[in-house]
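Heads up: the structure comes next, in structure tokens.
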Amino acid sequence: MSTLIQHGTVVTAASTTAADVLIENGVIKEVRAGIPADGHDVIDAKGMYVIPGGIDAHTHLDMPFGGTTSADDFETGTRAAAFGGTTSIVDFAIQARGTRMRDALDTWWKKAENKACVDYGLHMIVTDLGSSGLEDMDEMVDEGVASFKLFMAYPNVLMVDDATIFKALSRTAKNGALICMHAENGSVIDVIVAKALAEGKTAPIYHALTRPTRAEAEAVHRAIAMAEIAGTPVYIVHLSSEDALNEVREARDRGVPAFAETCPQYLLLSIEELERPNFEGAKYVFTPPLRTKENLPKLWDGLKHDHLQVVSTDHCPFCFEDQKVLGKDDFTKIPNGGPGIENRLQLIWHHGVNTGKVSLNRFVEITSTAPARIFGMYPRKGEIAPGSDADIVIWDPNALHTISAKTHHMRVDYSMFEGFQVKGNARTVLSHGEVIVDRGEFLGKAGRGRYLRRTARGGAWK
Ligand code: URP
Ligand code: ZN
Ligand code: ZN
């Protein structure tokens, strides 16, 4: 079975070329101009960009959190991802305290089995090293779980202490995995939160007002310092503020292998959203919170200059009507998280490429190639070259689209970007050479997505 994508402009992180792409048995066979059509299924990509499928390295599907479960499961979430041009995700399994990581891995494999529409990898959230946690980490690496998330926030739920963080970091110096850090000083934040509640401050806006950017910057600084002592890289997830970005930049300027991602919500939305009337601010309650407007251009600048390497979504949807309302009288009970898995490429293209904030090649790098490298999937993913999986998006730079909960495919009753108009959208999406989305129609199947066994020490820091 062979497919030829003809007459498009192939864009990778490194180059932009007029070329055809020949796919055989789900893998890219040849990339060059003038490949003859003979016998192949032909897809005409005239006037289109041909880019590697997007990789969202931070999603939470079917995740128990905040007294409820995130609204998208592996079927609805990965189908929505595909509509937006994302062909691989890396989700998070959670080790429950006092249990083995193997149990969590089995649980999350079951959640994804027969459901995932695109390929999926898993990070492991470590909540407890116990007596066997370090050996468990090695076992996870052998299973293709090449990264772990640790929390410096959410005391008594997910937060771990510095000793645990340092032990885990030190283990990755040996086994080559990467620690992803939720960097906020949870102990300090908890004191600020308790004071706010005691003063009767219960509305959604206090979620943001009780989590200062210094609490994020301090934790980023501490995480990087501990990684330096352990002699290993570290990856900061969902970085939200200039304050925190300065810590990453300062470390990278010293040659430290510190990496960081941000998300569309931090690039495009600001703290005022949490003041929406009728409790609608709860739609924008996630952690870290939205920041003041001055932060936004600094984050775009960070992406442009490689102080930030990746744009992920932190997709963690909770419906407004029956989930966000859990915190109607107390902002600390609002399930933390927001939806976005479908809109990442559209938003970064429109607000990044169309405005000249990021180049075409940088767009591909931050949405696909860099996460593939950092998380041990490159060059199988994130590349258009012979031997790579044929996960390809045919991108129409002129397509107009209005983002709305009325038309999106995520199983959630609101959009954080309701009414945003974008120019540029995925026209045709291929996964392993199979067309799974074409002109707004889903042609894939639940369960076709494969587990991504990722390689430790992806090599990005060499
Ligand atoms: O509010 C958020 N970000 N929810 C998902 C969990 C996390 O911290 O990433
Ligand atoms: Zn987090
Ligand atoms: Zn997250």
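Basis for what follows: all heavy atoms, side chains included, without hydrogens, waters or symmetry-related copies. Counting starts at 1 for both ligands and their atoms, in listed order.
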I'd like the residue list for ligand 1, meaning every protein residue with a non-hydrogen atom under 4.0 Å from the ligand.
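Correct list: H58, H60, F65, K149, F151, Y154, H182, H238, F286, T287, D314, C316, N336, G337.
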Taking 2.8 Å as the upper limit, name the protein N, O or S atoms near the Zn ion (ligand 2).
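Checking every protein N, O and S atom gives K149 NZ, H182 ND1, H238 NE2.
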Between C316 and the Zn ion (ligand 3), is there a contact where an N/O/S atom of the residue lies under 2.8 Å from the metal?
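No, outside the cut-off.
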Ring centres under 6.0 angstrom apart ([X], [Y]):
X: F375; Y: H123; answer: yes
X: W349; Y: Y49; answer: yes
X: F92; Y: H58; answer: yes
X: H60; Y: H315; answer: no

With a cut-off of under 6.0 Å to the ring centre and 45° to the axis, is K111 in cation-pi contact with F74?
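Not flagged: K111 not positioned over aromatic ring of F74.
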One thing to verify: whether E272 and K293 come together as a salt bridge, which I'm taking to mean a side-chain N less than 4.0 angstrom from a carboxylate O.
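Salt bridge present between K293 and E272.
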Interatomic spacing from OG1 in T262 to CD in Q309 - rounded to 0.5 Å:
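Here the interatomic distance stands at 11.5 Å.
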Drop me the distance from D103's CG to M101's CE, to the nearest 0.5 angstrom.
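The distance works out to 11.0 Å.
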Step-by-step side-chain contact (heavy atoms from CB on, under 4.5 Å) determination, D136 to L129
CA-CA 9 Å; D136 279 11; L129 282 178; over 6 Å; no
Among the N, O or S atoms that H60 has, which is closest to the Zn ion (ligand 3)?
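Within H60, restricted to N, O or S, the Zn ion (ligand 3) is closest to atom NE2.
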The test is ring-ring contact (aromatic ring centres under 6.0 Å, His included); show your working for F65 and Y154 and say whether it passes.
CA-CA 11 Å; F65 195 50; Y154 304 127; 5.4 Å; yes
